[in-house]
Amino acid sequence: MLKGKHIILGITGGIAAYKCATLTRLLIKAGAEVQVIMTPNAKQFIQPLTLSTLSGKPVISEFFTANTGQWNSHVDLGLWADALIIAPATASTIGKMAHGVADNMLVTTYLSAKAPVFVAPAMDLDMMRHPSTVRNLDLLRSYGNHIIEPTAGELASHLIGKGRMEEPENIVKVLDDFFSQGEDLKGKQVLITAGPTVERIDPVRYISNFSSGKMGFALAEECASRGAQVTLVSGLVALKTGHPSIHRIDVTTALEMHDAVMQALPQSDAVILCAAVADYRVENVADKKIKREKDTAPVIRLTPNPDIARAVGQAKRPNQVTVGFALETDNENVNAQGKLERKNLNFIVMNSLRDKNAGFQVDTNKVTIFTDKGETLEGECKSKREVAHDIIDVLHKYLLQK
Ligand code: C5P
């Protein structure tokens with residue numbers, strides 16, 4: 001699947017850079033065109049000559065070539081690429097990518113690139129688990145970048161732990177899988193809700209929930225990378241969307257989310273209702289900030305919000321596929337299956353707050369899918385992006401039958 005693909009291989013200054021000779025060789029063998037960009041420090045670890053010989057293209061490292069003044073355009077390179085791999089990615093480059101510190105050719109090209117980005121970190125175990133690295137990698141994930149997790153083993157420091165760059169063979173496999181899943185959703189319009197809704201109490205306070213939107217955003221990225229046009233109706237979240245095929249509509253309240261969804265519904269082939277919608281909103285919203293009273297507490301009256309999933313279930317055409325989510329704390333399977341029927345869904349994705357590393361805020365999830373055909377598909381604990389991949393595989397099968 002890599003045949004003819006334009007790959008930028010960004011090499012940074014870590015000892016694992018020596019593995020990039022093999023990585024370049026494997027990419028070329030798989031039929032890709034490889035343009036190597038090295039950070040100045042990377043050249044301390046591996047000779048540009050090795051990589052230019054293997055890739056068949058001069059290695060780029062500086063903004064311009066000193067003796068000729070020839071300008072290397074990061075914008076052109078960014079647009080040329082079908083994929084960008086940063087391997088090895090040091091803590092420093094990861095930090096620069098996370099915060100847009102474009103002081104070298106590689107980070108500048110990264111910021112200009114529209115193509116999917118794969119990051120294979122490699123560093124010492126303590127650097128790997130430092131909160132700043134963890135946070136920066138989270139930021140990269142939130143930009144839609146794919147992190148190729150380092151493996152555990154003996155490190156250059158002779159310490160043993162997580163921080164070894166994934167082997168070149170496996171990096172090539174990740175890319176190959178990415179391209180071979182291809183564009184199986186090409187031509188499809190997918191509508192996704194994500195994140196929490198916020199219901200005002202007064203101009204200052206609100207009622208909401210702990211949803212981060214990470215699962216819905218991972219689904220949006222997954223659908224877009226498989227060729228779909230995505231409309232992402234998002235509540236208040238701290239996430240960014242990276243893919244150009246994602247049209248994002250930001251909303252605040254359940255009523256606003258309902259209206260945005262009902263408007264996009266007729267054009268949609270599939271609808272994934274992943275948002276944590278408040279079941280109630282405040283009936284008596286105060287127009288001024290509620291003041292503290294000495295002897296009485298204010299009474300907040302609630303009124304039901306529309307059930308968006310149910311409204312979609314009632315309005316849906318036979319050729320539309322609808323998917324719901326159920327986050328449960330108890331009686332999980334029965335509750336989820338009840339929602340599947342009540343909301344007229346094709347399948348429902350259930351996660352339980354009783355599972356560690358599942359549900360709100362975290363980057364991983366463990367789900368069970370119940371389908372309208374009576375199947376139960378149990379998943380492992382995986383990254384939300386991997387869970388999104390599995391969910392979209394099921395969705396794809398449904399779309400094929402429509
Ligand atoms: O809140 P509940 O557990 O019933 O949510 C199950 C499904 O219904 C989820 O897919 C959620 O996004 C959707 N939902 C909705 N509108 C609501 C409540 C829930 O779309 N008002």
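All ligand and atom numbering here is 1-based and tracks the order in the structure. The chain is numbered in sequence order, starting from 1.
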Donor-acceptor side-chain pairing of Thr322 and Gln320 below 3.5 angstrom: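 No donor-acceptor contact under 3.5 Å links the two side chains.
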Gln47 and Thr50: side chain donor to acceptor below 3.5 Å: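 Note: Gln47 and Thr50 side chains miss the donor-acceptor criterion.
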Set of ring pair (Phe, Tyr, Trp, His ring centres under 6.0 Å) partners for Phe370, sequence neighbours left out: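 Residues passing ring pair (Phe, Tyr, Trp, His ring centres under 6.0 Å) with Phe370: none at all.
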With sequence neighbours excluded, residues passing side-chain hydrogen bond (donor to acceptor under 3.5 Å, both in side chains) with Tyr206: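 Scan of Tyr206 (side-chain hydrogen bond (donor to acceptor under 3.5 Å, both in side chains), adjacent residues dropped) gives none.
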Shell of residues surrounding ligand 1, defined by a 4.0 angstrom heavy-atom cut-off that is strict: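 Under the 4.0 Å cut-off, ligand 1 touches Leu273, Ala275, Val277, Asp279, Pro306, Asp307, Ile308, Ala309, Gly324, Phe325, Lys339, Lys343.
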Inter- and intrachain pairs under ring-ring contact (aromatic ring centres under 6.0 Å, His included), touching residues 254-278, at least two apart: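 Of all non-adjacent pairs touching residues 254-278, none passes ring-ring contact (aromatic ring centres under 6.0 Å, His included).
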Heavy-atom donor-acceptor pair, Thr197 side chain to Ala278 backbone, under 3.5 Å: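 The answer is yes, because a donor-acceptor pair under 3.5 Å joins these two groups.
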